[in-house]
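A quick write-up on the structure given underneath.
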2 protein chains.
Amino acid sequence: MVTGSERADAARNRAAILAAAAELFDRDGVEQVSMNDIARAAGVGKGTIFRRFGDRTALIEAVLLPRSVAMRRLVDHGPPPLGPGGEAADALHAYLDLLLDFVWENRALIRALEHRVPHAYYAHSSSRYWLTELARRLAATHPQDTDYLTYILSTALRADVLDYLISVRGMDPEQVRAGLHRLAVSATRGPGTPLADVDRRSVS
Amino acid sequence: MVTGSERADAARNRAAILAAAAELFDRDGVEQVSMNDIARAAGVGKGTIFRRFGDRTALIEAVLLPRSVAMRRLVDHGPPPLGPGGEAADALHAYLDLLLDFVWENRALIRALEHRVPHAYYAHSSSRYWLTELARRLAATHPQDTDYLTYILSTALRADVLDYLISVRGMDPEQVRAGLHRLAVSATRGPGTPLADVDRRSVS
DNA sequence: CACAATACGGACCGACGGTCCACATCGGCA
DNA sequence: TGCCGATGTGGACCGTCGGTCCGTATTGTG
């Protein structure tokens, strides 16, 4: 091989492992799938998985990565309102929608990561990017309470919080979406109205 | 023995196990302490622990229980403003202080529980009491957005969130307290002021 | 004191994440 | 094409964990 790049069989196995892991995680739930399960499904020895990915946490991250990268491209270089160039308020709302969808769709992987590394949601380098971008878009529309709003919104966007509200409490995802948008503009509205009935059925 | 009550040696062991567990959890961190460690420290066989408490989760709950019970007595039968009989706004703020202190002081145990049972913070029967009481006190001062405020405040009071803000981000606990109180009265204030600078240094 | 009920403790179990290394495969080069 | 060092492989193996089991010891009641 020309350089220190990956050997052909190694690349094939990496792809097989990622595909098997994604499939099993999705089908059985991340915590239910052991490294042996993945190895068997990928037609590979367990040692190969650890050689390629290091440990279980890194494998989960590797499954999540491409989805995150695709999304990031939309944010950095896609068309407005999500990408650069649009009006600030639209950019903020498009971004909130994107984050909500992403977290919801990948809640299983995200929760598994949070479960394995203490403050993954806030501390992980990948997450930092999303929080920073959220803060930037909030700053463009609400110079006042940016920091606190960022904190509140990011907490409301946690995978476990969403999962609880929607899966356990039976809240409609669209209600959550509406609540987020309402919260995001709360600094410009009067008292009483902005936070009203985000979810009448929530915590009783 | 007169009734189906506990034998003397059993009671002695139960106390020894609880004491050893509390000490080790506090000293080394919950996740670092194995059931064998606790058995050794308590001078007891591992089987005895499982016979008494069922499993690891139940043991952690048993360590947390007395602290929770003591607190609950204050809320239900203690003197105002925390106990019944005081003015509604004072009762709310006293209650927020109590919850914050409790969660902060017992964050290690609470986080360990949340780590072991999926939605412990919201779903666990003991927690439900605290959330219900919070909702009641909020309803007395803010008939409007009770549900949503309860949800926001309860999220802001999560052990992992507090732990992150204070331990990782270096935020002063008193800032968090001020933020909670400010949030709790936000429905009665105008825009801009209520959420202002709860923490200028939070999420950047 | 006798003896049934209760409790004890540590050997044992299965499963897990992770390591190790004898062996197989790859691919640049002559 | 065939050689051979670099790279990759797989599954036996390891230490640890939560949890179980059961022969033995303790308790307290009639």
Side-chain angles (χ1 to χ4, degrees), chain A residues 1-21 24-25 28-63 109 111-118 120, chain B residues 1-21 24-25 28-64 108-109 111-118 120:
Chain A
M1 66 204 75
V2 177
T3 165
S5 71
E6 209 169 38
R7 235 167 66 174
D9 52 346
R12 207 182 323 124
N13 282 336
R14 147 171 282 129
I17 292 166
L18 282 175
L24 289 182
F25 286 161
D28 301 335
V30 182
E31 302 296 345
Q32 303 308 313
V33 180
S34 73
M35 300 303 272
N36 263 321
D37 293 338
I38 298 170
R40 206 177 313 119
V44 135
K46 186 161 59 151
T48 302
I49 298 184
F50 284 94
R51 154 171 274 264
R52 283 274 92 75
F53 298 98
D55 64 10
R56 186 174 163 86
T57 300
L59 174 61
I60 298 173
E61 284 172 344
V63 171
L109 289 175
R111 290 196 66 180
L113 276 182
E114 288 174 7
H115 190 266
R116 292 182 66 83
V117 358
Chain B
M1 69 202 74
V2 177
T3 164
S5 73
E6 210 169 38
R7 234 169 64 172
D9 52 345
R12 206 182 324 125
N13 281 335
R14 149 172 279 130
I17 292 165
L18 282 175
L24 288 182
F25 286 161
D28 301 336
V30 182
E31 303 295 346
Q32 303 307 314
V33 179
S34 74
M35 300 303 272
N36 263 321
D37 293 338
I38 297 170
R40 205 176 313 120
V44 135
K46 185 161 62 153
T48 303
I49 298 185
F50 284 94
R51 155 171 276 263
R52 282 275 92 75
F53 297 97
D55 63 11
R56 185 175 164 85
T57 300
L59 174 60
I60 298 174
E61 284 172 346
V63 171
L64 191 55
L109 289 175
R111 290 196 65 180
L113 275 182
E114 288 175 9
H115 190 266
R116 291 182 67 83
V117 359

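Keep in mind that what you see is a predicted model, and the values were worked out from it rather than measured. Order of the sequence lines sets the chain letters (A, B, ...), proteins ahead of strands, with each chain counted from 1.
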Residues that Asp9(B) engages under salt bridge (charged side-chain N to carboxylate O under 4.0 Å, His left out), provided they are two or more places apart: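 Applying salt bridge (charged side-chain N to carboxylate O under 4.0 Å, His left out) to Asp9(B) gives Arg7(B).
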
Enumerate all atom pairs, one protein N or O and one N or O from nucleotides 23-25 of chain C, separated by less than 3.5 Å.
from    : atom 1 : to      : atom 2 : distance (Å)
dT25(C) : O2     : Arg7(A) : NH1    : 3.1
dT25(C) : O2     : Arg7(A) : NH2    : 3.1

Measuring from [X]:[atom1] to [Y]:[atom2], what's the distance to the nearest 0.5 Å?
X         : Y         : atom1 : atom2 : answer
Glu114(B) : Leu109(B) : CD    : CG    : 11.5 Å
Ile17(B)  : Arg12(B)  : CD1   : CZ    : 12.0 Å
Arg40(B)  : Leu24(B)  : CZ    : CG    : 9.5 Å
Phe25(B)  : Gln32(B)  : CZ    : CD    : 11.5 Å
Leu18(A)  : Ile49(A)  : CG    : CD1   : 10.0 Å
Asn13(B)  : Arg51(B)  : CG    : CZ    : 11.0 Å

[atom1] of [X] versus [atom2] of [N]: gap in Å, rounded?
X        : N       : atom1 : atom2 : answer
Ile60(B) : dG18(D) : CD1   : C1'   : 12 Å
Arg51(B) : dG9(C)  : CZ    : C1'   : 11 Å
Ile49(B) : dA11(C) : CD1   : P     : 15 Å
Ile38(B) : dC17(D) : CD1   : P     : 11 Å

Among dC8(C), dG9(C), dT9(D), the nucleotide that comes nearest once only the side chain of Arg52(A) is considered: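 Among dC8(C), dG9(C), dT9(D), the one nearest the side chain of Arg52(A) is dT9(D).
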
Where protein sits on nucleotides 15-21 of chain C, one letter per nucleotide: B base, S sugar-phosphate only, - none, heavy atoms under 4.0 Å: -SBBBB-

Under 4.0 angstrom between Asn13(B) side-chain N/O and dC8(C) OP1 or OP2: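 Affirmative; the distance criterion is met.
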
Test side-chain contact (heavy atoms from CB on, under 4.5 Å) applied to Ile38(B) and Leu59(B), step by step: CA-CA 11 Å; Ile38(B) 297 170; Leu59(B) 174 60; 3.7 Å; yes

Touch class at under 4.0 angstrom, heavy-atom based, for Ala8(A) against every strand present: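 Ala8(A): backbone/sugar contact only, no base atoms under 4.0 Å.
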
